[in-house]
Amino acid sequence: AAACTGDDDDASPSTTVSPPAGDSLPATTATDDGPTSTPPPEPGECPADALPDDGTPVEITFWHSMSATTGVVLEELLEDYNAVQTRVRVTPVFQGGYADTFGKYVNTVRAGGDLPALVQLSEIYLQQMVDSETVVPAQDCINAVGYDLTDFSPSLLDQYRIGGELVTMPFQLANPVLFYDGNDFVAAGLDPAAPPETLDALVATSRTLVEAGVVPSALAMNVDAWPFEQWVTTAGEALVDHDNGRTGRAEASLLGTDSVVDILTTLRVMHDDGLLLVTGGVADQASLARFLAVAQGDASMTIASSASLGEIYQQIALVPDVDVRVGPFPGVGGSTSVGGGSIYLTTDTTAEQRAAAWDLLAWLDEPAQQVRWSIGTGYVPTRRSAADDPELIALWEERPGFRVAWDQLSAGGGAAVGVGPVIGDYLGVRAAIESGLESLYAGGEPAVVAAELQDAADKAIADYNRRIGG
């Protein structure tokens, strides 16, 4: 089936070893990670020029969260990095999905173990990583070397800034998109080149597909907070107070608004009218089931991360009767927020290791590597100049679906509401949203569900802030 088992936890990470919802990292200080001839740097210091010239490579470890196609492409990139220079040797270690990786990071901090020089996480862990006091801000390295950020979009950088400081380097940029079967559109008398671009249009298209008898249900979705969050964002709403946690620590959710009730009402109507097929929760099996529903003719559309593209196109040959197409996220009207993730430089490093880690981070974000990463996976390049690369242009012409998320993110502004929230217990808030969606599909009234959802999210936020003293 045309399905992805790799990086679909951009949305709401599936996990087998996860910290409890709301878990927080204890603060720690830098430790010496191996012998060095120089004193260990201060926790926030980035001595980017500290690589030795004696021919001995600096060894660093990189914990990553990429599996399947994305994992293969990432490890190939890291192999090439080791081959094209001699001063750094990076060892990648796959730790599972984002939540698995974060859980192992938490446990290592608590046990006083050795942290990796670099760790890759999704955007939802930003506040917790800052609170851990185990991160060397990317801004310190940028300032140390005068690194030029003008080729990055402002909204991408704003996603990973707190207090105007870039905390972590963006790497795997993604966005939700609509996957659909063009053959079903033709059978229902719809234009396969014109997918629905708004939530209202999604409802109308779904009715046409079902009433034409093409499919028993139109849209297959698992119970996942990420698309819901994006609908709220595209409605021009923040998810939490203090400008989505951007001008102050998030203290309360904003999930009881009329806009939230309207979105819940639309989803309830789609479900009750048989237009929406719910395939399960956020686990990998449920994520796979939504793609299987499209491949097997039980539905015509699903919403997933653009990072699924590389895996899906590899599987197209197995489902020749499906004309896999990609459309923009059918939002409420405004722009989506950035998804995906980034790579953190940790304080558990020597001066040489920090210099090595920064060298790798800068290399991975070069346009050439970003083009290769995008072509192999479906992730959106972090660098705007990548759009001029002939190889990427050729891919976009051959497979226009790879360009959809790029255009979608390029159209978005840099306003605070268009940037994802910064929340301490983001997983707890997502658990509240997903519990609310389950209640909705079980017959809950939208206004009641919204109130319950907000209360549960507020409790998760307050509990986390109380634990860390925020």
Say whether, by atom type as modelled, one donor and one acceptor occur between the side chain of [X] and the main chain of [Y] under 3.5 angstrom.
X: S410; Y: W406; answer: yes
X: Q159; Y: S155; answer: no
X: R354; Y: T347; answer: yes
X: T302; Y: A220; answer: yes
X: D151; Y: R383; answer: no
X: T349; Y: T346; answer: yes
X: W231; Y: P330; answer: yes
X: Q370; Y: L364; answer: yes
X: E165; Y: P137; answer: no
X: N244; Y: L239; answer: yes

For the residue pair [X] and [Y], establish whether any side-chain heavy-atom pair is separated by less than 4.5 Å.
X: L409; Y: L173; value: yes
X: V326; Y: L178; value: no
X: I461; Y: D425; value: no
X: Y464; Y: R249; value: yes
X: L360; Y: Y81; value: yes
X: P381; Y: L392; value: yes
X: V58; Y: P52; value: yes
X: R325; Y: F179; value: no

Identify the two heavy atoms, one from [X] and one from [Y], that lie closest to each other, and give their separation to 0.1 Å.
X: D365; Y: P170; result: OD2-O, 2.7 Å
X: S439; Y: V449; result: OG-CG2, 3.9 Å
X: V177; Y: A405; result: CG1-CB, 4.2 Å
X: S335; Y: T234; result: O-CG2, 3.5 Å
X: L437; Y: D224; result: CD1-O, 3.8 Å
X: I303; Y: P176; result: CG2-CB, 4.3 Å

Let me confirm one number: the [atom1]-[atom2] distance from [X] to [Y], rounded to the nearest 0.5 Å.
X: L156; Y: L149; atom1: CG; atom2: CG; answer: 10.0 Å
X: D359; Y: L361; atom1: CG; atom2: CG; answer: 9.0 Å
X: S342; Y: M169; atom1: OG; atom2: CE; answer: 9.5 Å
X: I375; Y: E391; atom1: CD1; atom2: CD; answer: 4.0 Å
X: I423; Y: Q127; atom1: CD1; atom2: CD; answer: 9.5 Å
X: L264; Y: L453; atom1: CG; atom2: CG; answer: 7.0 Å

Side-chain donor-acceptor contact under 3.5 Å, [X] with [Y]:
X: S337; Y: Q230; result: yes
X: T134; Y: Y344; result: no
X: N143; Y: Q139; result: yes
X: H242; Y: E251; result: yes
X: T336; Y: N175; result: yes
X: Q454; Y: S253; result: no
X: T150; Y: D148; result: yes
X: T101; Y: S65; result: yes
X: N222; Y: T279; result: no

Salt bridge flag under 4.0 Å for residues [X] and [Y]:
X: E229; Y: R430; answer: yes
X: D158; Y: R246; answer: no
X: D53; Y: R87; answer: yes
X: K459; Y: D455; answer: no

Evaluate ring-ring contact (aromatic ring centres under 6.0 Å, His included) for F171 paired with W373, printing each intermediate quantity in order. CA-CA 9 Å; F171 173 63; W373 176 240; 4.8 Å; yes
M129 and L121: CA distance, side-chain angles, deciding distance, side chain to side chain contact (heavy atoms under 4.5 Å, CB included) verdict: CA-CA 10 Å; M129 289 298 287; L121 293 167; 3.7 Å; yes
Show your reasoning for whether salt bridge (charged side-chain N to carboxylate O under 4.0 Å, His left out) applies to R372 and D389. CA-CA 10 Å; R372 181 176 169 190; D389 186 274; over 6 Å; no
The test is side chain to side chain contact (heavy atoms under 4.5 Å, CB included); show your working for V135 and V130 and say whether it passes. CA-CA 7 Å; V135 175; V130 169; over 6 Å; no
Quick check on the 6.0 Å ring-centre criterion: do W63 and F94 meet it? no
Do F402 and W396 have ring centres separated by under 6.0 Å? no
Identify the residue among Q95, E75, Q172 that makes a side-chain hydrogen bond (donor to acceptor under 3.5 Å, both in side chains) with H64.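 Looking at Q95, E75, Q172, the match for H64 under the side-chain hydrogen bond (donor to acceptor under 3.5 Å, both in side chains) is E75.
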The test is ring-ring contact (aromatic ring centres under 6.0 Å, His included); show your working for Y426 and Y125 and say whether it passes. CA-CA 7 Å; Y426 207 142; Y125 297 101; 8.5 Å; no
Show your reasoning for whether side chain to side chain contact (heavy atoms under 4.5 Å, CB included) applies to F62 and V93. CA-CA 6 Å; F62 176 19; V93 181; over 6 Å; no
Hey, what's the ring geometry for W358 with Y147, parallel, tilted or perpendicular (30° and 60° as the breaks)?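 Plane angle over 60°, so perpendicular.
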Where do L51 and V88 land on the side chain to side chain contact (heavy atoms under 4.5 Å, CB included) test, with the steps shown first? CA-CA 8 Å; L51 282 176; V88 180; 3.9 Å; yes
